[in-house]
Amino acid sequence: MASNMKRIFSLPDRAHGLGPITYAWQRSHGNYLASTGTDSTVKIFDRHGDMKGIFTLPGRCTGLGWDSDGDTLALICENSTGIFLWDTSTQRFTQIDSGLKDPMTFLMWSKFGALLAVGTSKGNLLIYDHKTSRKIPIIGKHTKKITCGAWSAENLLALGSEDRTITISNADGDTLRQTQLRAEPSDIEFSEMKGDERSSIGENTVSVNVAKKTLFLFNIDDPDNPIELAFQQRYGSIVAYKWFGDGYILIGFSQGYFVVISTHMKEIGQELFQARNHKNNLTSIAISTALGKAASCGDNCIKIHDLTDLKEMYAIITLDEERSLDAISWSEDGQLLAVSTPRGNLHVYLARLPMLAATNQTRVAHLTSLLEVTIEDNIAQDEPLAIQVEVEPSYVGIGPYHVGVGMNNRAWFYLFGDNGPEQMKDSREYLGTVQSLYMNADYAAVSFEGKIQLHMIEGEAAGASDERESRLFPDPDQKNCKITTHAMTPDFLIYGTSLGGIHYFFIEDWNFVVEHRHMAGIRKLFPDAVGSHVVFVDEKSDGYVYNAADDTVITIPEFSPMIQGVLWENWPLDKGVFISYDAEKIYTYVYCRDSVHGSRVLFAGFTKLPYGQIPVLLYNGEVTLQTPSGKLATLLLATHTHVFNENPTELPPNDLKTAAQQCIQLRRFKDAWIYCTILNKKDMWQEVGRAALESMELDFAIRVYREVGDVGMVSSLQKIKTTEDKNQLCGYIAMFLGEFNLAQDLFLASQCPLAALEMRRDLLHWDSALQLAKALAPEQIPYISREYAQQLEFTGDYMNALSHYEKGVTQNEAEREHDEVCAAGIARMSLRVGDLRRGVSMALKMPSKILKKECAQILESMKQWTEAAQLYEQGQYYDKAASVYIRGKNWGKVGELLTKITSPKIHAQYAKAKEADGRYKDAADAYKIAKEWVPRINLDHLQNPEEAVKIVRETQSVEGAKMVAKFFQKLNDYGSAIQFLVMSHCNDEAFQLAQQHRQMEIYADIIGSDATPEDYQSIAVYFENEKNHFLAGKFFLLSGQYSKAMKHFLKCNAEDGQAIELAIETVGRANDDVLTKQLVDFLMGDVDGSPKDAKYLFRLYMALKKFGEAARTAIIIAREEQNAGNYRNAHDVLFSMYQELKQNKIKIPAEMATNLMILHSYILVKIHVKRGDHLKGARMLIRVANNISKFPSHIVPILTSTVIECHRAGLKNSSFSYAAMLMRPEYRNDIDLKYKRKIEMIVRKPDKTEEEEPLTPCPVCGFQLPETELLCPDCKNNLPYCLVTGRHVMRDDFCVCPSCEFPANLSEYIKHLETEETCPMCSERVIRENLQKVADPHKYIYPDTEATSQEQ
């Protein structure tokens, strides 16, 4: 680390001859340095290196030292028995005779007082009192040469001698203690070794360097137990040691080591710190308690440590021109550090400058050397301006155009000229020693001895004799007034007095304009830039802000009693911010002149102050600090750390939140808006909105609450925004902030005190509202009393509620509705507090039904049944009245109200009462009205079983069913009994009854599908025992026992189709290959040699979901039906199979689709002919005739019909073709005689004229083809056909049957439904409204696509 210490001066080479020199700093002041060497001359220098005195001793100096006040320097030397003294005031040397005959070897002044101890080579001692000139010689204090010694704070003298003893004497030389050492002592110190208890004599320990090897600690309080500390040999010998802090010792060793130990008994001898500061050797150490620093010298460098953290190296000074160093010493104030060398050189360094600084706006004047003042403006970035001054100043001041420095009672002023600073004139003298200097553009004010002198800076130079040139404060008539502090602004001189006065002197008018009297004396004051606000500290160390404009004083919160100064913010936009500081911290405050709470000061936070630095300027949250080295440093306040960001969008959320909160604290609302916008957290918006309201920034608050969508708050703020009365406005804001007591105080202080009453009413603070109403609006008391009573009633305070309801009655006809509310409240509260007569009477008199109900409810809760029922009845609440009458057993009244009662529950209660009285008919009627069907009365009392059965069937009552079942059992009607037992879920009883009386088939029919598998098994076992194979198989099937079911079904009559159907269902459910094989063998005739109908095989395949086999079987069945002439049956078989395959998304076999199309075309013929549409009928017959081989049973009739229908439809050529076919020998004889002649005529006289069949577009590709053609010659697709006409479908006229989803042309389907109600394909009933045109018929035109993908 490079040195930051400036060398002030050095003694010339060999100033004292060759060899080492001895020197000492003046105590107390540190203004002089005395040195001597081998040439026996004594030279005295001031702190700037100027020689102030020189004297030649008769011999080489053996001792020198300054007294405790620094007024006298004493010296002793070889070859003389005199003591030489130098006085600082006269700057002259004098000599006194010691009276001792032997050479003097030791000299030491006491720490307090003017006692001088002088020791000789033979162990004699002289104690000289410089004030009284008294000499006390003590002969034989030691037997040998006295080499070292020390005074304590209590004026005890410890001496060390070559006789290896230490003596401790009092101020008169009397020996108090004496101890023997192992070797010769050197370097004695007095200090206090810390123990559990404080010593009564303060510095109780004498420490001695013994033979430069050990440290001997001798406790005066415990002389028998001295402590001797030894150290590691590698450290070398002990060169020097120093006590510091709370019982710690710093020791320097010859090998360069630097060690700290503790004398606390628990840590005695422990090394707390160790470092090798110097490589070759260490020659001296020194400690400055004023500076808090420790220094060591060795080799050719000085190393300085901070005592608070010894690991931290504060500075290193390297003396390149020196090979080695000798002794090092601090001045008492720590400002100067001197180091000597073995060659006789001496160098003095500036370790710490006096902390002098002054500011004017953003300019800082501060001491940068002992004789140099520098003006800097880091805000404006001006070049620093250095001024060389004549004396080392003790105070400094700066104005806009001048800088002033001074010491004692003199001051020098410098003008900022174009060519740099110019000294204006000779120094100015004042009437006393100046403590401080403040300046503005024209005037300077200096304080001295409780007074202030205000004078023009350039007044005398201009030769002015005006009375305004100078003035002395306080005025002569104020003899008891002492000025304690002062400051200046451009317009005012402001000062504080010991009597608590703060005075503003207006320089322009040359008169006082403001005077304020505080309750305690003023210690310090700090005005802002213009002086309108002043922070002052009183004698009690409390801080306040004084507003000169309205003469108000505000206490500063969390104000440190150790405050050293205050700085106001110089940034124009933050005028309300100021800081205070003590030795450790900087405290940030915000002064809010306008807020809901009035003017106040907010504590924003604190910042740690670097050790030894002093704040001198605050600008935009950045503090300029003066450092001990004379340089300026800057520190950003902890309250402003996140306020300044070039790219706020890149900050993490936590930093954004901190930045927003800091801006809110500092009342920088525009910056807070930016951070809140990026953060976008509602709680942060609420916080900034609340702060804006507290600071009465209504426009900004409205903007914030509009941003968060708080419509209510925005509306409320806009309404109060134009309020001119400040107290009223603050009251509204405080109310919005929830500070209601403050709001009330503000409203009462405003021109609209009734606002306080309105607020309390809105908040339901009724006690406060009544108190305010008594004072502000007595006419409001009845209404407030009513509202208060309603709240008290709600909370259960009925007695007070009654009292307030009574107070609310106005007896004013205009307020009738209000009085009725109060009266109703009185009625209710009277009942609540036990005054039943009053309450019931008032409720009956008043017309309100609701009141009667409320009072009745209160009475009901109090079990006052009669009165409650009476009020219910009067209020026409008949159900409630009847209910209460029932609770009071007043059945007569219930009967009277019965016709008005609607509640079934009450009717049921009444019915039970009548049943208990034996009036069963009335009970049954009441039960009926209550819809509680009780068959018991009809069965047991009224002998009306038909009604009971009817009730049970309607209500499905389980209990009723049990009653009816028992009734039928008594009548031996077991079938009905079983039916009702099942209805009542008594299946076991029903089964036993059916078993006993052989009614199992009835039981089986009744139980249906609601029974459990166990029930079905029981029934099956019963029928198995009865050899009823069909029913046994049926119930085994229902119970899930498929093998047993199949066994019984196969034992049934082979012609029993129902048994075969159930056997197929069994196989379908079981999905068992063994059972399937058994059934297939049975159906194929392998069991009994008789094959069964193929339809059963088809149904079996369907049940097993073997749709391919089912389809082939269906085609076979359909073919057999066709061959037998049962075309409708064949059509239905193919259609059902077609639907099954389609539902299971299986591709329809082409043969099945073709056969279904031909059969459906044949069925459509009858429909068309019936409707008289012969053309369509003829076209369908042509399609059938072209496939006549599929109709072997009816070839001739079909061909005959084709000929006739074609002839009717005008299809002459087609008629001729099929007529010619009929004339073939195999068909001719079978022609119906009725048509035979006509057909022969058609053949004999052929007419081959025939119109071409109309063309319509293919629904797939749009190619024009005949309308009955189902194969497109262009796209080669099989086309879907219309289920109504048989023609191919039209894409733009497409629909499907709602039941079977077969395609059709919509227009034709509609025509069909005009005469028919069912679908020609599925025979299901179709409603016209259910037909919808299909916009995209793709899935119907390509039905095979989806099925194929499913199969894959």
Side-chain angles (χ1 to χ4, degrees), residues 550 552 554 557 576 590-602 661 664-665 667 669 672-673 676 682-792 794-795 804:
D550 56 11
T552 56
I554 300 132
V590 181
Y591 170 66
C592 304
R593 181 176 179 181
D594 294 318
S595 77
V596 175
H597 304 85
S599 297
R600 62 175 180 165
V601 176
L602 302 175
Q661 289 172 335
I664 292 168
Q665 274 189 323
R667 297 306 188 253
F669 294 121
W673 175 275
C676 287
K682 189 170 183 180
D683 58 340
M684 210 65 247
W685 281 116
Q686 295 287 358
E687 193 174 331
V688 73
R690 183 179 181 87
L693 283 180
E694 288 177 349
S695 300
M696 298 180 67
E697 297 280 351
L698 292 190
D699 288 333
F700 185 80
I702 289 171
R703 187 180 168 201
V704 170
Y705 287 114
R706 183 177 285 121
E707 179 70 21
V708 297
D710 192 340
V711 179
M713 183 64 88
V714 171
S715 175
S716 301
L717 291 176
Q718 286 177 333
K719 287 178 182 176
I720 68 168
K721 183 179 173 183
T722 56
T723 305
E724 295 182 358
D725 187 326
K726 184 177 179 181
N727 283 328
Q728 186 179 357
L729 178 62
C730 290
Y732 284 129
I733 295 172
M735 181 174 70
F736 296 155
L737 294 173
E739 300 183 29
F740 305 118
N741 292 334
L742 173 63
Q744 177 174 314
D745 294 341
L746 289 166
F747 283 138
L748 293 176
S750 73
Q751 297 176 359
C752 184
L754 280 175
L757 175 59
E758 294 171 6
M759 178 189 74
R760 291 299 183 185
R761 288 185 69 174
D762 292 340
L763 293 169
L764 309 182
H765 295 171
W766 302 114
D767 286 326
S768 301
L770 284 171
Q771 293 295 325
L772 291 170
K774 287 177 184 177
L776 301 174
E779 70 278 0
Q780 293 290 322
I781 291 176
Y783 309 106
I784 297 172
S785 295
R786 183 196 74 191
E787 293 173 357
Y788 192 12
Q790 289 171 335
Q791 184 181 355
L792 290 170
F794 180 74
T795 58
H804 283 288

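Side chains are part of it too, since the values below use all heavy atoms of this structure and drop only hydrogens, waters and symmetry mates. By convention here, the first residue in the shown sequence is residue 1.
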Participant: Could you tell me which non-hydrogen atom of A755 sits nearest to which non-hydrogen atom of F747, and how far apart they are?
Facilitator: CB-CD2, 3.5 Å
Participant: Salt bridge check: are R760 and D767 linked by an N-O gap of less than 4.0 Å?
Facilitator: no
Participant: How many angstroms lie between CE in M696 and CD1 in I733, if you round to the nearest 0.5 Å?
Facilitator: 5.0 Å
Participant: What are the two closest non-hydrogen atoms of A749 and N727, and how far apart are they?
Facilitator: O-ND2, 3.4 Å
Participant: Got a second to check how far L763's CG is from M735's CE, nearest 0.5 Å?
Facilitator: 7.5 Å
Participant: What verdict does the side-chain contact (heavy atoms from CB on, under 4.5 Å) test give for L757 and L754, after you've listed the backbone C-alpha separation in whole Å, the side-chain angles of each residue and the deciding distance to 0.1 Å?
Facilitator: CA-CA 5 Å; L757 175 59; L754 280 175; 4.1 Å; yes
Participant: Looking at V596, L698, V704, which one forms a side-chain contact (heavy atoms from CB on, under 4.5 Å) with L693?
Facilitator: L698
Participant: Rounded to the nearest 0.5 Å, what separates atom CZ in R667 from atom CG in L602?
Facilitator: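 Rounded to the nearest 0.5 Å, the CZ-CG separation comes to 5.5 Å.
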Participant: Would you indicate whether the side-chain heavy atoms of Q665 and V590 approach each other to under 4.5 Å?
Facilitator: no
Participant: Looking only at side chains, do Y732 and Q728 share a donor and an acceptor under 3.5 Å apart?
Facilitator: yes
Participant: Which value, rounded to the nearest 0.5 Å, describes the distance between R690 atom CZ and Y705 atom OH?
Facilitator: 7.5 Å
Participant: Test your reading of the model: is there a side-chain donor-acceptor pair from S695 to the backbone of E697, 3.5 Å cut-off?
Facilitator: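 Here the side-chain-to-backbone pair does not exist.
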Participant: Please determine, by modelled atom types, if Q791 and W766 share a side-chain donor-acceptor pair under 3.5 angstrom.
Facilitator: yes
Participant: Minimum heavy-atom separation for L717 to A701, with atom names?
Facilitator: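 So the minimum-distance heavy-atom pair works out to CD1-CB, 4.1 Å.
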Participant: Locate the shortest heavy-atom distance separating I781 from A773; write the atom from each residue and the value.
Facilitator: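 Shortest heavy-atom contact: CG1-CB, 3.9 Å.
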Participant: Can you measure from OG (S768) to CZ (F740) and round to the nearest 0.5 angstrom?
Facilitator: 11.5 Å
Participant: Nearest 0.5 Å, what's the CG-CD distance between L772 and Q744?
Facilitator: 4.5 Å
Participant: For the residue pair F700 and W673, categorise the inter-ring angle as parallel (less than 30°), tilted (30 to 60°) or perpendicular (more than 60°).
Facilitator: perpendicular
Participant: Carefully, step by step, assess E787 and H804 under the rule side-chain contact (heavy atoms from CB on, under 4.5 Å).
Facilitator: CA-CA 9 Å; E787 293 173 357; H804 283 288; over 6 Å; no
Participant: Before you tell me yes or no, could you show the steps for R706 and I702 under side-chain contact (heavy atoms from CB on, under 4.5 Å), namely the whole-Å CA-CA distance, both residues' side-chain angles and the distance that decides it to 0.1 Å?
Facilitator: CA-CA 6 Å; R706 183 177 285 121; I702 289 171; 3.7 Å; yes
Participant: Identify the two heavy atoms, one from A743 and one from G731, that lie closest to each other, and give their separation to 0.1 Å.
Facilitator: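 That would be CB-O, 3.3 Å.
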Participant: Could you report the tightest heavy-atom contact between P753 and L776, atom names first, then the distance?
Facilitator: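 Minimum heavy-atom separation between P753 and L776: O-CD1, 3.5 Å.
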Participant: Might you confirm whether atom CD of Q751 has over 12 heavy atoms from other residues, nucleotides or ligands at distances under 6.0 Å?
Facilitator: no
Participant: Any side-chain heavy-atom pair from R786 and P782 closer than 4.5 angstrom?
Facilitator: no
